[in-house]
Amino acid sequence: MIPKIKTGIAAFDEMIGGGLPDNTITLIYGPPKTGTSVFCYHFLQQAMFDDEICLYLMTDYNMFQLEEKMMQFNWLIHEYFQKEMLYVLDIASGSIGATQKETATFKISSPQNPTEMVSKIIDDLQLIYQKTHRFRSVLDSTTTLFSFNSPILIIRVLKSYVMRIKVAGGTGIIAYTEGAADSQIETMLKATVDNIIHLDGEKIDVEAMTGCDNVSANYKITDEGFCII
């Protein structure tokens, strides 16, 4: 039986047999404003609840904004970050050239420099691997990376990212805004992951998942996050 990693959305986890398959990577995608980032926040919140390390790559908001977004659902991450359980790669700040002191758990990288980004991910994974062989990762989102670089280059970077996360023992999710790249690139993106979940603003649809049938349900986003209807 495949071990499962809870997403933090209890009703959804029940739908898919307990959570995401351990040591796999899941693409969560859909049109803008359908809740892909909120799904990522749930995944992070569950990491806090389970006292698991999370490597969090953000391209559309900085660390302060992540804390604000989590607070909207009454999820407080400051203490979790201070305990060095949350490893952050802030690509949003790097996109505007912001400078900030880096630490063992906080780094900045530019979306225009995928080589540097991968190098910093490797550094984080080495540190995480010294602590645990089971952790979570979030990349929210790939959309910005596609907008700054050749899509083919980003597909290669994502393949490397997925491979390294899985080799280190992680279970991850990758967010993507549907339509940000052409259909051929989207097909290649789906081929880099193990599981695929689509959101359309009303329905969450499991298009592919290891050990799970295709299932779907309606949802809405409330003050408590995802609510499966």
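Counting only distance, with no hydrogens or angles, the side chain of Glu102 and the backbone of Ile108 share a donor-acceptor pair below 3.5 Å. A donor-acceptor pair under 3.5 Å is absent between the side-chain atoms of Asn218 and the main chain of Lys203, judged by distance alone. Side-chain N or O atoms of Asp90 include none that pairs as donor or acceptor with a backbone N or O of Phe106 at under 3.5 Å. At least one donor-acceptor pair closer than 3.5 Å links the side chain of Thr187 to the backbone N or O of Ser183.
Using a 4.5 Å heavy-atom threshold, the side chains of Phe49 and Gln46 count as touching. Looking only at side-chain heavy atoms (C-beta outward), Leu76 and Met70 stay at 4.5 Å or farther from each other. At a threshold of 4.5 Å between non-hydrogen side-chain atoms, the residues Leu66 and Leu44 count as touching. Lys33 is not listed as a side-chain neighbour of Ile221, based on a closest heavy-atom distance of 4.5 Å or more. Side-chain contact between Tyr87 and Leu125: absent, with no pair of heavy atoms (C-beta onward) separated by less than 4.5 Å.
Evaluation of the ring pair (Phe, Tyr, Trp, His ring centres under 6.0 Å) rule for Phe146 yields Tyr176 as partners, not counting sequence neighbours. Applying the side-chain contact (heavy atoms from CB on, under 4.5 Å) rule to Gln126 yields the partners Ile122, Asp123; only residues at least two apart in sequence or on another chain are considered. Qualifying ring pair (Phe, Tyr, Trp, His ring centres under 6.0 Å) partners for His133, counting only residues two or more places apart in sequence or in other chains: Tyr129. The side-chain contact (heavy atoms from CB on, under 4.5 Å) test applied to Thr222 returns Lys220, Glu224, Cys227, not counting sequence neighbours. With sequence neighbours excluded, the residues that form a side-chain contact (heavy atoms from CB on, under 4.5 Å) with Glu84 are Thr105, Lys131. Scanning for side-chain contact (heavy atoms from CB on, under 4.5 Å) contacts around Val162 gives Ile25, Lys166, Ile174, with sequence neighbours left out. The ring pair (Phe, Tyr, Trp, His ring centres under 6.0 Å) check on Phe73 picks up Trp75, with sequence neighbours excluded. Residues passing the ring pair (Phe, Tyr, Trp, His ring centres under 6.0 Å) test with Tyr219, sequence neighbours excluded: Phe226.
To the nearest 0.5 angstrom, Ile96 atom CD1 is 7.5 Å from Asn62 atom CG. Summarising the geometry, atom CD1 belonging to Ile121 is positioned 10.5 Å from atom CD1 belonging to Ile128; distances are rounded to the nearest 0.5 Å.
Screening residues 181-218 for ring-ring contact (aromatic ring centres under 6.0 Å, His included) gives Tyr29-His198 as the qualifying pairs, with residues at least two apart or on separate chains. Residue pairs meeting the salt bridge (Lys or Arg N to Asp or Glu O under 4.0 Å) criterion with at least one member in residues 179-190, sequence neighbours excluded, are Lys190-Glu207. Judged as a side-chain hydrogen bond (donor to acceptor under 3.5 Å, both in side chains), the pairs with a partner in residues 142-161 (not counting sequence neighbours) are, in order, Thr59-Thr144, Asp60-Thr144, Ser137-Tyr161, Ser141-Thr143, Thr143-Thr177, Ser160-Arg164.
Side chain to side chain, Asp205 and Ser216 fail the donor-acceptor criterion of an N or O pair below 3.5 Å. A donor-acceptor pair shorter than 3.5 Å cannot be found between the side chains of Asp140 and Tyr41.
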Would you mind writing out the side-chain donor-acceptor pairs for residues 4-12 within the sub-3.5 Å range, not counting sequence neighbours?
residue: Lys4; atom: NZ; partner: Ile16; partner atom: O; Å: 3.3
residue: Lys4; atom: NZ; partner: Gly17; partner atom: O; Å: 3.3
residue: Thr7; atom: OG1; partner: Ile9; partner atom: N; Å: 3.1
residue: Thr7; atom: OG1; partner: Asp13; partner atom: OD1; Å: 2.7

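Here the closest non-hydrogen pair linking Ile228 and Ala217 is CG2-CB, 3.8 Å. Contact record, Ile185 with Ile152: CD1-CD1, 3.8 Å, taken as the closest heavy-atom pair.
Gln82 CD: more than 12 foreign heavy atoms inside a 6.0 Å radius.
Partner Thr26 forms a side chain to side chain contact (heavy atoms under 4.5 Å, CB included) with one of Thr171, Leu20, Ile196 and no other, that one being Leu20.
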